[in-house]
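Reminder, nothing fancy here: chain letters follow the sequence lines and each chain counts from 1.
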Amino acid sequence: MSAQTLAEKLISKNHMGINIASVTIGVGILTFPRTLAKATGAFDGWISVILSGLIAWIIGWMLAKLAARFPRQTFFEYTSIIASKPVGYVLTALVCVYTMMFVSFEIRAIGNISKQYLFYNTPVEMITLSFLLIVQYAVAGSRIAMLRLNLLFLPVVFVVIAIVLLFTTQLVEIENVRPFFSSDWRSLLKGTEGVGLSYSGFEIILFYTMLMRNPQDGPRAIALGLAIPVLLYLTIYMFVIGVFSAEVAKNLTYPTIELAKEVEIPGGFFERVESIFFTIWIMTIFNTSAMWLDITIINLTSMFTRITKIVWILILSPIVYFIAMLPQNLVDFFSFADRLTYSGFIIVYLIPIILLLMAKMRGVKGHE
Amino acid sequence: MNKRIVSLCLFVTLLTLVAGCWDQVQIEERGFVVGVTIDVPRSSETEKKANQEAPDKPKGKQRFLMTHQIVIPGGLISGSQGISGGQNTTDEAFLNLSSEGDSLFEVSRELSTRISRNPFYQHLKILVVSEEIARQASTFTDAVDILLRDPDSRRSSKVFISKGDARKVIEVRPKTEKIPSLYINSVGENINKNSRMLPEVTIGDVHQYLLNQYSFALPRIVAEKEEVKVAGSAIFSTKNKLIGFLGEEETEGLNFLTGHVKGGLLKAKYKDNLIVLNIHGAKKSVEADIRDKKRIKFTIKIQCEGTIFESYAKIDLLNAAIMQQLQAAFAKENERLCRDTIRKVHQDLKADAIGLGSHLKQNHYSLWKQIRDDWEQGQKLFEKSEIHVEANVYIRNIGGINK
Amino acid sequence: MLRRFLTTRRKKKTSSPFIKKALQQQSPPVLLSTRLQENMETIKTELGAPHDLLIRSLLIGNTRHMCAIVAIDGLVNSDMLHDQVLSHIQLMISMAGKSVPDEPQTILGLLYEEVLSVSELNKSSNLIDIIDCVLSGDIALFVDGASEVIIIDSKGWKTRATEEPVSEGVVRGPRDGFTENIRDNTVRIRRRVKDKNLRFDGSYVGVRSKTALIIAYIDSIVDPEMLNEVKRRIATIDIDEVEESGFVEQWIEDDFLSPFPQIHNTERPDKVAAALFQGRVAILLDGTPMVLILPITIGLLLHSPEDYYDRWIAGTLARLLRYLAAFLAVFSPAFYIALVTFHPGLIPSDLAFSIAATRDGVPFPAFVESLMMVTTMELLQEAGLRLPKPIGQTVGIVGGLVIGDAAVSAGIVSPVMVIVVALTAIASFAIPSYPLAIAFRMLRFLAMFAAAIFGIYGVVLTFIMIMIHLTNLTSIGYPYLAPFTPQMPQDWKDLILRAPITFLRKRPGSLHPKDETRTRTGDST
């Protein structure tokens with residue numbers, strides 16, 4: 001292949017940003033207004049959105065710096081360089097477990113929410129299985145093609161969200177929004193923590209930097225990739241509070257879907273859009289889970305180079321499926337999500353930051 | 001390897017096809033519920049029967065008589081245009097089914113034993129709750145719980161409180177529409193023509209009212225033989241319990257005080273002759289004097305504009321001085337309307353349906369935090385407050401003729 | 001002439017792998033005998049003395065030497081054979097007053113250089129070559145005693161007159177189409193592309209059919225990598241007969257499992273010329289008016305040359321309409337099934353009630369109903385296609401009556417279903433590329449199945465699946481979805497929109513053209 005076509009196998013800074021945005025926007029977008037309204041009890045939650053976005057950006061910046069030190073090297077390779085091979089094995093294995101659990105979580109979310117809003121008798125097993133098959137199909141294809149799907153789907157998602165929001169503007173009541181600045185900093189911090197969980201996902205920069213045309217652009221990709229969800233969350237939160245008031249928002253299981261349920265398009269072929277909104281949201285979940293599965297496989301193949309991608313997909317899918325079926329009810333499911341994200345804090349945020357410090361101190365650098 | 005994938009896919013496809021289509025329900029097999037009413041059962045016979053059958057069954061505090069209005073689509077096609085294979089023999093486009101129980105879900109499922117088409121709530125347009133249900137503590141909340149919880153139902157269905165039996169409301173036979181619920185639904189949207197009804201209140205709004213610690217108002221509906229009248233309003237206390245009704249005029253005043261007037265009319269007398277103003281819209285603003293916490297003074301300013309639509313007085317409407325006098329006369333009438341409402345709400349019912357507490361929360365949050373629990377309850381600061389009204393009316397146009 | 005073209009190129013570029021392959025295909029030379037009679041016998045046995053073989057032996061002028069003309073009757077231009085060949089040979093007596101030599105080789109030289117007033121002459125001594133030439137319409141002139149044969153290019157069989165392309169009509173635009181004659185087709189391209197860099201690389205495909213194939217491209221624009229890839233793939237074609245460009249297409253396409261066409265075929269010369277200017281490659285095949293264009297993107301398949309001939313607003317709107325049509329063609333029956341059986345809540349109440357009313361009494365579930373109707377539509381389409389035109393209309397009437405009226409009044413299907421099917425059919429006719437429309441027709445069934453199982457969730461899963469497939473799909477190694485993904489914003493002005501022609505100053509970047517700008521001033525807009 002020529003240099004030009006080779007260049008198309010790599011991803012640009014903006015593409016990386018879109019990937020990060022796609023992986024970040026997931027289940028969190030449906031639930032975060034509830035967490036936030038519960039914590040802050042007012043419109044002021046938007047401060048928390050920005051605050052947690054900033055924190056995520058700082059962490060992401062460090063992760064990007066770490067990955068950029070070792071261009072074209074996998075996570076396993078550079079952790080091995082920084083902190084010896086056994087540590088590399090252990091760490092990469094942990095990351096694999098974490099990312100695989102994430103896939104399970106996402107597909108279970110699809111099952112749960114579909115079951116609540118679309119289906120009554122269809123077994124959740126079938127809903128998740130069909131979704132998992134599609135994810136497998138995407139991951140089995142070429143990696144760059146899978147990432148390109150983000151470029152295709154994210155704009156669609158934005159257009160649909162924009163339509164939903166456009167039609168809800170008439171329902172926004174200013175009295176729901178006021179008073180401003182009524183929450184104290186303690187509740188804002190609590191809100192920050194709550195929204196922060198919805199930002200997890202940007203750690204993919206650790207694994208996908210090796211595909212970037214210019215790895216030094218990583219920090220800027222992080223900025224773009226987080227700016228998109230921050231803006232999206234801000235708008236959605238404002239609309240949710242404006243339409244429902246904070247008091248109601250904290251009592252809705254999925255406030256964002258309820259927002260879509262409020263929309264009525266008079267005179268249209270679709271009077272309601274919530275199912276459309278919901279199915280469009282499936283696309284974002286699809287992107288998220290495909291990327292997580294892909295990252296799991298990147299890491300596994302980097303450790304065990306003998307086994308091919310397809311074999312890994314076939315090995316992982318039943319495990320992912322089984323884990324996804326474990327949570328028994330909604331409470332279990334949400335606590336599974338929280339525990340997952342908190343363990344992520346250690347595995348993919350804290351340890352890589354320590355690695356970055358070690359690399360800086362020891363002056364380890366990758367080769368171009 | 002490829003073979004294995006192919007066989008896996010084949011297996012899954014076959015599995016889905018064999019077991020599949022779990023949720024397929026043909027559209028003509030659904031019972032579209034367009035209206036639901038909730039009453040108190042007239043007799044306690046069924047209750048006794050249920051008690052005999054299973055005395056140890058968990059029971060609710062209140063039994064409900066729930067009436068579903070289900071659309072019969074075949075009846076919508078008039079005359080012989082209907083499809084020859086159609087199964088409907090009646091001309092009617094709707095079916096009312098009443099059933100009672102202490103859980104609404106139980107009642108809804110009980111319907112399945114009586115009708116071939118399962119109730120489907122996504123096209124629910126109206127919910128009418130009878131006065132009796134609403135007057136008891138917490139039963140109103142219980143009655144709307146299922147409609148809020150069920151992901152199938154809409155937050156946008158309209159809620160009405162009926163004076164008298166609620167089921168009578170959906171039993172009217174309107175001449176203009178085939179389905180009573182759709183008719184009521186359309187009537188409920190006429191706020192921009194007449195301000196004597198409350199703006200539409202949806203189940204979603206009710207959810208918000210129930211969660212907030214304010215009093216609130218819901219539209220009142222009265223059934224007659226062939227029509228309903230959506231006018232007046234029902235006032236609920238902070239305990240989410242109906243405490244009284246406002247008449248038509250009082251509701252108009254309430255709409256002015258809450259700034260919900262979109263249209264309607266104002267009458268005034270000029271030299272013993274009636275002059276009528278068509279209202280285009282009204283705005284309100286509230287000023288609160290919070291120097292004395294125990295006696296907060298509110299001034300509600302109303303600005304209203306409109307066009308002269310009828311004038312029995314033969315006067316020169318293009319005269320500036322006369323115009324001034326007319327505007328003053330309309331303003332006076334407007335203030336009277338509002339004052340009547342305030343008297344009823346503030347002094348008789350003692351419920352903050354005007355939303356003054358909400359105003360304090362929005363604009364004087366630090367004060368609100370202190371008095372939140374003493375507003376309508378506790379020290380009852382609302383009752384102790386003073387409310388003044390200042391109205392201004394602007395006549396923007398005089399219609400096609402002068403005299 | 002083609003052969004000659006190839007031989008000249010062979011001298012220049014023997015290093016190219018494509019040419020090497022072509023060389024390998026040649027059979028070992030069978031040397032010519034010097035005896036005329038023997039040669040005639042060989043030819044007769046090789047060809048089996050077919051009925052249309054024309055062998056005419058005659059004396060050359062006033063010499064004692066015999067010569068023979070070998071040709072296939074009907075393939076050669078008979079006027080030329082008489083006026084320029086036969087009569088000249090017979091009247092060779094008094095050429096420029098010189099006496100006629102006696103030596104056969106000299107006579108042959110004389111014939112070659114002086115006597116025959118034909119523009120295309122060749123000499124050959126390889127019998128296999130000669131037979132090939134005769135079979136493709138040349139005249140072979142054997143001289144008794146000479147060790148070479150003169151091959152006279154005189155291809156001149158009857159061809160169909162050019163007609164307006166049936167499969168791709170336009171309101172505004174040129175009316176000529178390609179024909180079955182490859183020479184006519186190259187002329188049509190040449191007349192539109194007078195660039196000196198236009199190349200026609202010829203070869204033959206089909207071990208037995210020996211069909212002429214020409215790769216056309218503009219050398220100073222086309223991406224050389226791509227050109228080599230195309231040539232490499234064509235060289236791999238190993239089949240005995242190639243009747244239509246479809247054979248070539250299926251041999252060289254990227255993914256044979258895909259329902260989507262990865263190579264475009266057209267019978268419009270203007271379309272081919274435009275594609276060449278964009279940096280694409282065209283493959284012409286003798287015997288078919290369908291010319292292949294490659295590589296392509298899905299955007300190209302939804303474009304029509306008329307988008308460029310009309311003003312840009314009309315062009316843009318037409319394109320938007322076609323993208324909508326593409327969506328409807330695949331998903332409208334699926335949406336109907338999903339909405340009617342799974343999510344009636346999405347439909348406005350009044351519409352939902354009236355659909356329910358019209359479906360009252362229909363004995364089949366919506367899925368079976370639509371499956372029936374869509375299948376009927378496919379049947380009608382197929383029947384109308386194969387029948388002679390006068391009967392074809394009857395099919396339309398019968399189908400229209402049966403579907404439109406009888407089925408509804410018999411209560412087998414609902415009127416709404418008829419509307420949906422009609423919409424689907426019209427939408428799929430609005431897609432300019434027939435193979436793409438076929439792909440959509442197949443995917444329609446997939447979407448309907450998914451909708452029957454999972455409702456709108458299934459429809460979205462199908463959509464995601466199609467998208468996964470499309471992002472993975474390539475045409476000659478170039479991403480099929482370009483420039484949607486990989487994103488090339490500079491190409492977007494000629495994608496869903498068609499920017500004013502003055503703005504279109506660059507060739508599609510996804511093709512990596514050597515010369516990127518289309519204007520002399522470059523990108524100085």
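Identified by a heavy-atom distance below 4.5 Å to chain A, the contributing residues of residues 460-468 of chain C are C:V460, C:L461, C:F463, C:I464, C:M465, C:M467, C:I468, in residue-number order. Residues from residues 105-114 of chain A that place a non-hydrogen atom less than 4.5 Å from a non-hydrogen atom of chain C comprise A:I110, A:S114, given in numerical order.
Proximity of C:H469 to A:Y137: side-chain heavy atoms (C-beta onward) are separated by under 4.5 Å at one or more points. Contact of the C:L481 side chain with the A:L152 side chain is registered, since non-hydrogen atoms from C-beta on lie closer than 4.5 Å.
Considering every non-hydrogen atom in both A:S142 and C:N472, the closest pair reads N-OD1, 2.8 Å.
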For residues 334-347 of chain C, please give each side-chain donor-acceptor pair under 3.5 Å, one per line with the distance, not counting sequence neighbours.
from   : atom 1 : to     : atom 2 : distance (Å)
C:Y336 : OH     : C:S414 : OG     : 3.4
C:T341 : OG1    : C:I337 : O      : 2.5
C:H343 : NE2    : C:I456 : N      : 3.1

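Under the 3.5 Å distance criterion, the side-chain polar atoms of C:Y457 are left unmatched by any main-chain donor or acceptor of A:F119.
For A:E258, the salt bridge (charged side-chain N to carboxylate O under 4.0 Å, His left out) criterion is met by no residue, not counting sequence neighbours.
Within the 4.5 angstrom heavy-atom criterion, only side-chain atoms of A:F286, from C-beta onward, approach chain C.
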